[in-house]
Amino acid sequence: MLSEYYMDVAHHSLNKYGEELCGDKVEIIKSDNRMIIVLADGLGSGVKANILATLTSKIMITMLEQGADIKETIDTITHTLPICNVRKIGYSTFTILEIDQDLNARIIEFDNPPVFILRNHKILTIDKIKLLSADKQVWISEFKLEVDDEITLCSDGVIHAGVGRLLNHGWEWQHVAEFLELQSTPSAEKLNRRLIETCKKLYDDRPGDDTTAVTVKVRNPQWLQVLTGPPELKIKDHETVSKFMSQTGKKIVCGGTAANIVSRELNREIITEIEYIDPLIPPTAKIKGIDLVTEGVLTLKMVLGKLKQINLNADEPIFNKKDGVSRLLKLLLEESTHIHFWVGRAINPAHQNPDFPKELSIKTNIIKDIVNELTHMGKLVTLEYTD
């Protein structure tokens, strides 16, 4: 099953300077036994390019998901794309990546830069077969993936980065390959952001072309358990802590009441950490067997704010600080693939009018928003309420 592995996927784009819409489009479909990614780059830039790329990616991923072969799919695209009044052609380059439950991969490329495949931080060269379809020359490669392999698809804005500005001929494929070989990061998100941020700098913040990269990293599942808030019924404390501690993965406790319950039920001392003091961020603590103990609502609200900021900004986030927010973000974004939240339904009167329904709890809504942001980043997130 594909679910035995985690397909860590991230993609980011830069619009051509002065354009409101990106002329590149990424479509991704995941199921238990298959994943399909299409990256399309529409002719030109702006609205027309966006329409061409959107049509190409949508049609292709829908047809491939339904079992159509590549020749039929390309033929449909050729006869569907609108014709440009100026250039008298309807044109979109594309790259397709398919991965099945046994980690068999197929890459189909038409006029986009060749895909970067890395194994053990070295570029992996794969044989390609040429296919002529609807007067288009398409390259197809098939190979077996391994855990920790990385694949990066990109539009030509990546290999043209810096042309006419910092570099005479752009970044060029081989230079991008060398850059990727030097990176060492556990997550596709971080690798993809580093690549796009470097392109942005080479363009001197004024991209000369739409620039998109999609990064896939094959990972073993890494679980993270997050307990926040006490159960509504006090008699459930022992059962909740017992179940929480029996789960696989690293463990985080958010909230003073939850930490006190865990401390009491495990008969382990809470030790407040004082070596790092930030006046704006609540302090953290230690409980033996727990990877991180933080304050509750304030810390979670700050985490939510950071997640929203990260999702809006292609810049690579830095988590080198030792405060509770930075440490929690690092665990959520870099050190986990599957995240399970244990949310207590008890109402803290300090945060909430106890007469309000539980569904309107400030903490509950913050957690729901965090789940949405993490899901948007491709994390597999589940939520369990403890009554």
Side-chain angles (χ1 to χ4, degrees), residues 9-29 36-62 77 80-97 110-113 152-167 170-171 176 188-215 304-317 369 372-378:
V9 184
H11 63 91
H12 294 284
S13 298
L14 301 172
N15 294 3
K16 181 179 178 180
Y17 183 72
E19 297 287 357
E20 293 186 10
L21 292 176
C22 185
D24 303 334
K25 185 68 175 178
V26 177
E27 289 288 336
I28 302 171
I29 289 179
I36 307 173
I37 299 173
V38 177
L39 166 59
D41 180 355
L43 177 69
S45 60
V47 175
K48 290 181 180 179
N50 180 268
I51 291 171
L52 290 169
T54 300
L55 281 171
T56 299
S57 58
K58 288 282 188 184
I59 292 170
M60 282 193 147
I61 205 160
T62 301
I77 289 292
T80 302
L81 293 185
I83 303 300
C84 174
N85 289 330
V86 178
R87 307 185 196 189
K88 303 303 180 185
I89 53 175
Y91 185 84
S92 176
T93 63
F94 59 82
T95 308
I96 301 167
L97 170 63
F110 170 64
D111 274 8
N112 271 344
T152 296
L153 294 60
C154 68
S155 63
D156 56 9
V158 170
I159 61 171
H160 293 161
V163 66
R165 290 183 179 273
L166 300 180
L167 300 171
W171 203 4
V176 179
E189 179 73 21
K190 193 163 187 176
L191 178 58
N192 192 266
R193 285 181 183 274
R194 284 182 181 176
L195 177 58
I196 291 297
E197 174 63 13
T198 303
C199 291
K200 186 178 177 182
K201 289 177 180 176
L202 289 172
Y203 276 123
D204 197 21
D205 290 335
R206 297 163 68 98
D209 194 4
D210 297 305
T211 304
T212 299
V214 186
T215 301
L304 174 60
K306 289 286 187 180
L307 289 174
K308 288 181 175 179
Q309 183 181 350
I310 290 168
N311 270 330
L312 287 172
N313 189 352
D315 295 351
E316 179 191 344
D369 288 343
N372 289 336
E373 295 296 328
L374 291 171
T375 301
H376 178 74
M377 293 175 169

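Note that the structure is predicted; figures quoted are calculated from it, not measured.
- Looking at Arg193, its side chain never comes within 3.5 Å of a backbone N or O of Ala188 through a donor-acceptor pair.
- Thr215 contributes no side-chain N or O that, together with a main-chain N or O of Ala213, makes up a donor-acceptor pair within less than 3.5 Å.
- Judged as a side-chain contact (heavy atoms from CB on, under 4.5 Å), and not counting sequence neighbours, the contacts of Asn112 are Leu39, Asp41, Thr93, Thr95.
- Closest approach of Ile37 to Val9, counting heavy atoms only: CD1-CG1, 4.1 Å.
- Annotation: side chain of Val176 is in contact with side chain of Val158 (closest heavy-atom distance under 4.5 Å).
- Checking side-chain atoms of Asn311 against main-chain N and O of His376 turns up no donor-acceptor pair under 3.5 Å.
- Taking 4.5 Å as the limit, every side-chain heavy atom of Ile159 sits out of range of all side-chain heavy atoms of Trp171.
- Across all non-hydrogen atoms, the minimal contact from Ala53 to Gly23 is CB-O, 3.2 Å.
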Query raised in the report: How far apart are the C-alpha atoms of Thr211 and Tyr203, what are their side-chain angles, what is the distance that settles it, and do they pass the side chain to side chain contact (heavy atoms under 4.5 Å, CB included) test?
Result: CA-CA 10 Å; Thr211 304; Tyr203 276 123; 3.4 Å; yes
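- Counting heavy atoms from C-beta outward, Asn15 and Glu20 have side chains that stay 4.5 Å or more apart.
- What you find for Val26 and Ile28 is that their closest heavy atoms are CG1-CG1, 4.0 Å.
- Scanning for side-chain contact (heavy atoms from CB on, under 4.5 Å) contacts around Ala49 gives an empty result, with sequence neighbours left out.
- Note that CD1 of Ile96 is 10.0 Å distant from OG1 of Thr56, once rounded to the nearest 0.5 Å.
- One finds the CG atom of Leu14 at 10.5 Å from the CG atom of Asp209 (value rounded to the nearest 0.5 Å).
- Under 3.5 Å, the side chains of Ser155 and Asp24 contain a donor-acceptor pair of N or O atoms.
- Residues passing the side-chain contact (heavy atoms from CB on, under 4.5 Å) test with Thr62, sequence neighbours excluded: none.
- The line from CD1 of Ile77 to NZ of Lys58 is 12.5 Å long, rounded to the nearest 0.5 Å.
- Between Glu19 and Ser45, the closest heavy-atom pair is OE2-OG, 3.4 Å.
- In this structure, Thr54 contributes its side chain and Ile51 its backbone to no donor-acceptor pair below 3.5 Å.
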Requested in this report: Give the C-alpha distance, both sets of side-chain angles, the deciding distance and a yes or no for side chain to side chain contact (heavy atoms under 4.5 Å, CB included) between Ile36 and Leu97.
Outcome: CA-CA 6 Å; Ile36 307 173; Leu97 170 63; over 6 Å; no
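- The distance from atom CD1 of Ile59 to atom CD of Glu27, rounded to the nearest 0.5 Å, is 11.0 Å.
- The pair Glu373-Lys308 fails the salt-bridge criterion, with no side-chain N (NZ, NE, NH1 or NH2) lying under 4.0 Å from an Asp/Glu carboxylate O.
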Query raised in the report: side chain to side chain contact (heavy atoms under 4.5 Å, CB included) between Met60 and Phe94: does it pass, once the steps are laid out?
Result: CA-CA 10 Å; Met60 282 193 147; Phe94 59 82; 3.3 Å; yes
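- Interatomic distance, CG of Leu195 versus SG of Cys154, reported as 7.0 Å (0.5 Å rounding).
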Report task. Determine, step by step, whether Met377 and Leu307 satisfy the side chain to side chain contact (heavy atoms under 4.5 Å, CB included) criterion, reporting the C-alpha distance in whole Å, the side-chain angles of both residues, the deciding distance to 0.1 Å, and the verdict. Result -> CA-CA 9 Å; Met377 293 175 169; Leu307 289 174; 3.9 Å; yes
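- Note that CD1 of Ile310 and NZ of Lys306 are 7.5 Å apart. Values are rounded to the nearest 0.5 Å.
- Taking all atoms of both residues into account, the shortest heavy-atom contact from Thr212 to Ser13 is OG1-OG, 2.7 Å.
- The two residues Asp210 and Gly44 come nearest to each other via the heavy atoms OD2-O, 4.0 Å.
- Looking only at atom types and distance, the side chain of Glu189 has a donor-acceptor partner in the side chain of His12 under 3.5 Å away.
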